[in-house]
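So that the names make sense, note that chain A is the first sequence line, chain B the second, and so on, each numbered from 1. Note that these values count all heavy atoms, side chains included, but never hydrogens, waters or copies made by symmetry.
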Amino acid sequence: MKGVVLALALLGIGHAVCADAHKPSDSYLTLAVHDGVVRGHWDIALRDLDLVLDLDRDGDRRLTWGEIRTRETDIDAYLASRLALSIGDAACPLDVAGHAIDHHSDGAYVVVGLSASCPRAIDALTLDYRLLFDVDAQHRGLLKLAAGEGGDTTRAAVFDRDHRRQAFTLAGTDAGSALRSFVRDGIVHIATGYDHILFLVALLLPAVLGRQGRRWSAVPRLSVALRNVAATVTAFTVAHSITLSLATLHVVMLPARFTESMIALSVLVTAIDNLVPILPARRWLVAFAFGLIHGFGFASVLRDLDLSGAMLALSLFGFNAGVELGQLALVALIVPVAYLARSLRSYQLGVVGGGSVAIAMLALGWLVERSLDLKLMPF
Amino acid sequence: MPTLRAIAPTLVSAALFAASAVRAEPYVPTNDAQVIERLPGGTDARGDRAMRAMRALLARRPADLDVAVRFAQACVDRAKALSDPRPLGQAQAALSPWWDAPDPPVPVLLLRATIRQRSHAFEPALADLDRVVAREPSNAQAWLIRADVQLVSGDHDGARASCAHLEGIIATLCVAPIDGVDGASASAHASISVILDGPAITRDERLRAWASTLAAELDERLGRTADAEARYRASLAIDPFDAYTVAAYADFLLDEGRPQDVVALIAADTPVDNLLLRRAQAEHRLRSADAARSRAALAERFAALHARGDRVHLREEARYVLELKGDADAALELALENWSVQKEPLDARIALESALAAGRARDVVVIADWVVRTRLEGARIAELVRRVRAS
C-alpha cells in the first residue's frame with residue numbers, strides 16, 4: 001500500500017513540470033458610468049456557475065439551454081449577492097437582468113446585464129467583488145470600467161482573493177462632465193436647502209424698501225433696489241465662498257450640529273430684523289456675516305464626497321457656481337415681483353411682515369430641532 | 001504508424017472545448033435542448049459523481065480537515081489528469097481554513113506546496129516542504145516534491161541532497177531526472193531501463209508510463225532517435241491523455257522535421273495551451289491553411305492569461321512570439337524573464353534560440369555557460385551554445 005502511495009507521489013513530480021493548460025477561472029465585468037448610472041454586463045463561465053448552483057441537474061456533464069434558462073432567477077440572486085457598488089457609504093442598488101450566452105477562450109459564459117443607479121454623482125465608485133472565492137481561491141474578476149461622455153477613458157482592474165474591494169476615482173478622467181455634475185450638485189443643494197432659500201428670501205424681500213425705524217417705505221427707483229440686491233447677494237456669495245473653501249480644504253472645521261444650528265439662528269435673526277431692527281442697518285454686512293456660517297453648511301456636501309487634488313479644486317469651483325446659479329434664479333423670481341408690489345401696503349405688511357413672521361417661526365423650529373438634536377420638522 | 005493512429009481519436013475526444021478563434025456577439029439560444037457547454041471530466045461518470053459527493057460533503061463540513069484534504073487531493077489529481085488549472089483553485093479554496101494559518105498540518109503543507117509549485121511559486125513551495133521534512137524527516141513524498149522543485153528551479157545539488165533521503169527504487173527514480181540534465185544521461189538511462197524491465201514497476205501502469213517518458217527524453221538527449229520514439233509511443237500507449245508526454249513527443253517530432261505527425265497527434269481544438277502551441281508550430285512549418293486559426297486561438301489564450309496577470313506560461317509564450325509572431329526581441333525578453341524562474345532544458349533552449357534570432361547572443365552568455373557547467377547533453381543544445389559563444 002505504501003509503495004503505491006509513493007509511486008503516485010512520484011507520478012506527481014514527473015508531471016508537475018507540465019505547465020497548466022485550459023485556464024484558471026475568471027469572470028469579465030464590463031461597466032460604463034454615465035450620468036449617475038452604471039450599466040454593463042458580467043460574463044461568468046458556466047462551468048464555474050455549475051460549481052455553486054448545480055446547473056447540470058441530470059448530471060450528464062452537458063449543460064443545455066433549458067438547464068440554464070430555468071435557473072435564471074437563482075443565477076440572478078446569486079450574482080446580485082456577490083457584487084456591491086457604492087459611492088462612499090451610499091450603496092448603488094444593483095439590478096441584474098437579461099441573459100445571453102457568449103464564448104471566451106475557455107468555454108461558454110452566461111452574460112447578464114447589470115445596472116445600478118447611485119444616490120449622487122459618481123466621482124468615486126467602490127466595487128465589492130465576492131464571486132466564487134469561497135469555492136475557487138484562484139478565481140479573478142477582470143473589470144473594465146469606462147467613464148466619461150463617450151466612455152472615452154477605460155480603466156482595467158483585477159479582483160482576486162486578497163483584493164476584493166477596490167475604489168476608482170472617475171471624475172478626474174473627464175473634467176468636463178465632472179464639472180457639470182458639481183454645478184448640478186450646487187443647484188440641487190440650494191434648491192432643496194430650504195434654510196438657505198428662506199435666508200435669502202428674508203434678505204431680499206425688504207431690498208425694494210427703505211427703512212425709517214420700524215417703518216418701511218418703497219424705494220424711489222429700480223436702480224436703488226438693484227443696488228441693494230446686488231450688494232446683498234454679492235456679500236453673501238463672497239462670504240460663503242470663503243468658508244466653503246476653508247472647510248473643504250480642512251483649514252477650519254466646525255461640527256455639523258453647530259453650523260446647522262447657527263444657520264437656523266441666522267434665518268431667525270434676519271426675519272426678526274425685518275420686523276424689529278436689531279441688526280446693523282447696512283444689510284450687506286448682515287449678508288456677509290451670516291454668509292460665513294452658510295458656507296460651512298455647503299461644505300458638508302463636498303466633504304462627504306472625499307475628494308482630493310485637482311478634483312477638489314474643480315468641485316469647489318463647480319459647486320459654488322451651481323449655488324450662485326440657484327441664487328440668481330431665486331433673485332430673478334422674487335425681485336421683479338417685489339419691485340412692482342413695493343408700494344402696496346399688502347406687500348409691506350402682508351408679504352414682508354407676515355412672511356418674516358412665518359420664516360421666523362420656521363427658523364425657530366429648526367433652531368430647537370438642530371441644537372437639541374431632535375426630529376420635529378417635516379423638512 | 002499504428003500507435004499514432006490509435007492515439008489520435010482518443011485525443012480528439014479528450015478535447016472538450018472548441019477553441020473559438022473568432023469571437024461572436026452574445027446570443028440568446030432559442031432551443032432548450034441545445035447543449036451550451038460540456039462540463040469537464042465527462043468521460044469518467046463515476047469519478048464525476050464521487051467529486052460531486054465530496055463537494056457536497058465539504059459544503060456541509062467546511063472545517064473538517066480530513067474532508068478538505070481528501071477533496072483537495074482529488075482536485076489536484078483532476079487538475080493533473082485533465083491538464084486543467086481550475087481544480088487547483090478549488091483545492092486551495094477547500095484548504096482555506098488552514099491555508100493562511102501560521103503552522104498548517106502536514107497534509108495541508110504538502111498540498112499547498114504542490115499548488116504553489118503549479119503557479120511557479122517555487123520559493124514558497126520549498127518553504128512549505130522544508131517545514132514538512134523538519135517535522136517528519138522520513139516523509140518520502142515531501143523529499144520527492146522538494147527534489148523536483150529544486151531541479152526545475154536549477155538547484156541540482158539541492159535536488160540531489162533531497163533524493164539522498166530516499167531509498168531503493170524511489171531513490172533511483174528521484175536521481176535519474178537529475179543525472180539526465182547533469183551530464184550523466186547514459187547512466188540515468190541504464191538505471192531507468194533496469195527498473196522498466198524489472199518486475200516491480202509492471203504493477204503500476206502510470207509509473208511505467210512516466211518512466212518510459214523519462215527514458216525517451218534521455219534517449220533523445222543521447223541521440224538515439226529510434227529508441228526515443230519507441231519509448232514515447234510506449235508511454236502514450238499506456239496513458240494517451242498525458243499532456244506532458246504528448247508535448248515532449250511533439251517537440252521530438254518537430255525536431256525530427258515531422259510536423260505532419262504533430263498535426264495528426266494533437267487535435268485542432270485541444271484545450272491544452274501547450275499542445276495547441278506545438279500544433280500551431282507544426283501548421284506554421286507546413287504552411288497549412290489552418291495555421292492562422294491556431295495562431296489566433298493561441299493569441300486569444302495568451303491575452304486572457306495576461307488580462308488576469310498570470311506569468312506562468314512564459315516559456316510557451318516565448319516560443320509563440322519567436323516562431324509564430326516572428327518577434328525575436330520580445331521572445332528573448334519573455335525567455336529571460338522565464339529563465340529567472342525556471343531552468344529546465346527547454347527554458348535554456350528557447351532563451352538561446354531567441355537571442356540568436358535577435359542577434360543578441362551576449363544577453364545569454366550566462367545561460368550558455370550554465371548549460372556547459374551543468375553538462376546538459378544533446379546535439380541541439382550543444383549547437384546553440386556553440387553559436388552563442390562564436391558570436
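Atom CG of A/Asp134 sits about 11.0 Å away from atom CD of B/Gln90, to the nearest 0.5 Å. From A/Thr70, atom OG1 reaches atom CG of B/Asp32 across 7.5 Å, with rounding to the nearest 0.5 Å. Distance check, rounded to the nearest 0.5 Å: NE2 of A/His103 to CD of B/Glu300 gives 11.5 Å.
The choice from A/Asp160, A/Asp54, A/Leu55, A/Val158 that makes the most heavy-atom pairs within less than 4.5 Å of chain B is A/Asp54. Of the listed residues (B/Leu151, B/Leu166, B/Asp310), the greatest number of heavy-atom pairs within a distance under 4.5 Å of chain A belongs to B/Asp310. Of the listed residues A/Asp50, A/Val110, A/Val111, the one with more heavy-atom pairs under 4.5 angstrom with chain B than any other is A/Asp50.
For a residue to count as touching a neighbouring chain, one of its non-hydrogen atoms must lie under 4.5 Å from one of that chain's; by this rule B/Ala307 touches chain A with backbone and side chain alike. Neither the backbone nor the side chain of A/Leu132 has a heavy atom closer than 4.5 Å to any heavy atom of chain B. With a threshold of 4.5 angstrom between heavy atoms, A/Arg62 approaches chain B through its backbone and through its side chain. Heavy-atom distances place the side chain of A/Tyr109, and not its backbone, under 4.5 Å from chain B.
A/Trp65 and B/Ile36 get closest at one heavy-atom pair: N-CG1, 3.6 Å. Looking at every heavy atom in both residues, B/Ala304 comes nearest to A/Asp26 through O-OD2, 4.3 Å. When every heavy atom of B/Pro26 is checked against every heavy atom of A/Asp102, the shortest pair comes out as CG-OD2, 3.7 Å. Of all heavy-atom pairs spanning B/Ala33 and A/Thr64, the tightest one is O-CG2, 3.8 Å.
A heavy-atom distance below 4.5 Å is not found between the side chains of B/Arg55 and A/Val135. When side chains are defined from C-beta on, A/Arg161 counts as touching B/Asp100, because their heavy atoms get closer than 4.5 Å.
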Assess whether side-chain contact (heavy atoms from CB on, under 4.5 Å) is satisfied between B/Arg52 and A/Asp56, documenting all intermediate values. CA-CA 11 Å; B/Arg52 228 162 231 256; A/Asp56 181 29; 3.7 Å; yes

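Salt bridge present: A/Asp48 and B/Arg86 bring a charged side-chain N and a carboxylate O closer than 4.0 Å.
Listed for the B/Glu37 side chain is a donor-acceptor partner under 3.5 Å among the backbone atoms of A/Ala108. In this structure a side-chain-to-backbone donor-acceptor pair under 3.5 Å is present from B/Arg308 to A/Ser25.
Residue-level contacts of residues 136-145 of chain A with chain B, in order of numbering, are A/Asp136, A/Ala137, A/Gln138, A/His139, A/Arg140, A/Leu142; threshold 4.5 Å between heavy atoms.
When the shell of 6.0 Å around NE2 of A/His163 is examined, it contains 12 or fewer heavy atoms from other residues, nucleotides or ligands.
Listed by chain and number, the residues in a salt bridge (Lys or Arg N to Asp or Glu O under 4.0 Å) with A/Asp95 amount to none (sequence neighbours excluded).
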